[in-house]
Amino acid sequence: MKFNALIPELTVADIERTRAFYENVLHFRVEYERSENKFIFMSFENIQIMFEQDNGHWSTGKLEHPYGRGINLEMTVPDVELMYKYVTDAGVKPFREMMTNTYRSGNSDIIQKEFLVQDPDGYLLRFTN
């Protein structure tokens, strides 16, 4: 397996709840895990994320739900509409519904279709094409 140059590791409250959401709703797969550490490494296409149940080891302050305040993790997927269907078919309400947005990049515009959803710990995930 080739590891990405940047792989976020997110602290979660319940590793099994996180696994169920990412596997069953978002269709990520477990690449490997260390059950004794309540740690899983998951991927979807070229997206890689690590999760570890809160153990105080990486804490820089008190964790309160929703975790990850102030950030959103943008993930480019081959079919954003299919990912949206996965989410809505599972009965998960998007944080922001599917929309098309335009972002300026230098002298040109980037147009992307996207939606946002919170995972069980409140991390904000932005899926785009």
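Owing to the predicted nature of the structure, the values given are computational and were not obtained by experimental measurement. Sequence positions, counted from 1, serve as the residue numbers for this chain.
- Listed by first and then second residue, the salt bridge (Lys or Arg N to Asp or Glu O under 4.0 Å) pairs involving residues 63-72 are Lys62-Glu64, Glu64-Arg69 (not counting sequence neighbours).
- In this structure, the side chains of Pro94 and Thr88 come closer than 4.5 Å at one or more pairs of heavy atoms.
- With sequence neighbours excluded, the residues that form a side chain to side chain donor-acceptor pair (under 3.5 Å) with Ser43 are Glu31.
- Take Ala90 and apply the side chain to side chain contact (heavy atoms under 4.5 Å, CB included) test, not counting sequence neighbours, and it matches Val25, Val92.
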task: Show your working on side chain to side chain contact (heavy atoms under 4.5 Å, CB included) between Leu63 and Asp54 and close with a plain yes or no.
output: CA-CA 9 Å; Leu63 280 176; Asp54 186 18; 3.8 Å; yes
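- Annotation: side chain to side chain contact (heavy atoms under 4.5 Å, CB included) contacts of Thr100 (sequence neighbours excluded): Ile111, Lys113.
- To the nearest 0.5 Å, the span separating CE on Met42 from OG1 on Thr18 amounts to 9.0 Å.
- Annotation: the span from Phe21 atom CZ to Tyr123 atom OH amounts to 13.5 Å, rounded to 0.5 Å.
- Hydrophobic clustering (side-chain heavy atoms under 4.5 Å, transitive across Ile, Leu, Val, Met, Phe, Trp, Tyr) groups Ile71 together with Met75.
- A distance of 9.5 Å separates CE in Met83 from CG in Leu125, rounded to the nearest 0.5 Å.
- The heavy-atom pair separating His65 from Gly122 by the smallest distance is NE2-N, 3.5 Å.
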- request: Could you please spell out the steps behind the side chain to side chain contact (heavy atoms under 4.5 Å, CB included) verdict for Phe51 and Glu9?
  value: CA-CA 5 Å; Phe51 302 96; Glu9 182 171 344; over 6 Å; no
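- Note: Ile15 CD1 to Ile40 CD1 = 4.0 Å, rounded to the nearest 0.5 Å.
- Considering only residues two or more places apart in sequence or on other chains, Tyr67 meets the side chain to side chain donor-acceptor pair (under 3.5 Å) condition with none of them.
- Side-chain contact check for Val87 versus Leu26: some heavy-atom pair is nearer than 4.5 Å.
- Checked against side chain to side chain contact (heavy atoms under 4.5 Å, CB included), Ile110 has the following partners two or more places apart in sequence or in another chain: Ser105, Gln112.
- Here the CD atom belonging to Glu52 is positioned 10.5 Å from the NZ atom belonging to Lys38, to the nearest 0.5 angstrom.
- Taking the charged nitrogens against the carboxylate oxygens, Glu33 and Arg19 do have a contact shorter than 4.0 Å, which makes a salt bridge.
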task: Begin from the C-alpha positions of Leu10 and Leu73 and carry the test side chain to side chain contact (heavy atoms under 4.5 Å, CB included) through to its verdict.
output: CA-CA 11 Å; Leu10 306 179; Leu73 301 171; 3.9 Å; yes
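- Atom OG1 of residue Thr11 and atom CG of residue Asp121 lie 9.0 Å apart, to the nearest 0.5 angstrom.
- Taking a 4.5 Å side-chain heavy-atom cut-off between Ile, Leu, Val, Met, Phe, Trp and Tyr, the cluster of Phe95 extends to Leu116, Leu124.
- Met50 belongs to a hydrophobic cluster whose other members, connected by ILVMFWY side-chain contacts under 4.5 Å either directly or through intermediates, are Met1, Phe3, Ile7, Tyr32, Phe39, Phe41.
- For the salt bridge (Lys or Arg N to Asp or Glu O under 4.0 Å) test, residues two or more places apart in sequence or in another chain that qualify with Glu114 are Arg126.
- Annotation: salt bridge (Lys or Arg N to Asp or Glu O under 4.0 Å) contacts involving residues 92-110, sequence neighbours excluded, are absent.
- Evaluation of the side chain to side chain contact (heavy atoms under 4.5 Å, CB included) rule for Asp79 yields Glu81, Leu82 as partners, not counting sequence neighbours.
- When all heavy atoms of Val80 and Phe127 are compared, the pair lying nearest together is CG2-O, 3.5 Å.
- Note on Tyr22: it clusters hydrophobically with Val30, by side-chain heavy-atom contacts below 4.5 Å among ILVMFWY residues.
- Among residues two or more places apart in sequence or in another chain, the side chain to side chain donor-acceptor pair (under 3.5 Å) test is passed with Gln53 by none.
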